[in-house]
Amino acid sequence: MKATELLKKQHREVKTLFGEAKKAKPTERRRVLDEIAEKLRAHMTIEEDIFYPAVREIGTKKAEEIVPEAYEEHHVVTLVLDELPDVDVDDERFEAKMTVLDELIEHHVEEEEDEMFKIAEKLGADRLTALGAEMASATNGDSPAPRRAK
Ligand SMILES: [Fe+2]
Ligand SMILES: [Fe+2]
């Protein structure tokens, strides 16, 4: 599977989980949110370690602009994720944080899919498929990808 297809599939999974979290009873919310957090962290790790460096290598002005922005957006997502365990599910702030997180991710995913993934096509189908395989095995925990310099 091409890297961009794998990442899109993971975007859809997280979106579906946000839908579930909104409908879930407060007692269930924590569990769904934990699942969202786990999936998001794994997703951001493979993007940061494998996909973003490859896109940056393309070296166009647009690629060099969009990749650092994406790292910053991940940073903001991580800040919100880190706070969730400290907020009570019954607290109105929990729902507010969940909504903000969902919106942040929606915006970020739009930029990735509409802009970054288009740029990534320049890598060619073979390279994208190889990157997809590398990311799939890193997600499954078969072989942790080496941490690369940003
Ligand atoms: Fe991302
Ligand atoms: Fe993504």
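For ligands, and for the atoms within them, numbers begin at 1 and follow the listed sequence. For clarity, every value in this text was computed on a predicted model and none was experimentally measured. The figures here come from the full heavy-atom set of this structure, side chains too, leaving out hydrogens, waters and symmetry mates.
Aromatic ring pairs are classed by plane angle as parallel below 30°, tilted from 30° to 60° and perpendicular above 60°; the pair Tyr71 and Tyr52 is perpendicular.
Looking only at distances, a side-chain donor or acceptor of Lys118 sits under 3.5 Å from a matching main-chain atom of Asp114.
Between His108 atom NE2 and Tyr52 atom OH, the angle centred on the Fe ion (ligand 1) amounts to 90° (nearest 10°).
Linking Ile, Leu, Val, Met, Phe, Trp and Tyr whenever their side-chain heavy atoms come within less than 4.5 Å puts Leu6 and Met116 in one cluster.
Residues His43 and Glu13 have side chains that never bring a donor and an acceptor to within less than 3.5 angstrom of each other. With 3.5 Å as the limit, one finds no donor-acceptor pair spanning the side chains of His107 and Glu103.
The Fe ion (ligand 2) sits nearest to atom OE2 when only the N, O or S atoms of Glu47 are considered.
When distances to the Fe ion (ligand 1) are checked against a cut-off of 2.8 Å, Glu112 contributes an N, O or S atom below that limit. Here His11 reaches the Fe ion (ligand 2): one of its N/O/S atoms is less than 2.8 Å from the metal. Residue contacts to the Fe ion (ligand 1): His74 brings an N, O or S atom closer than 2.8 Å.
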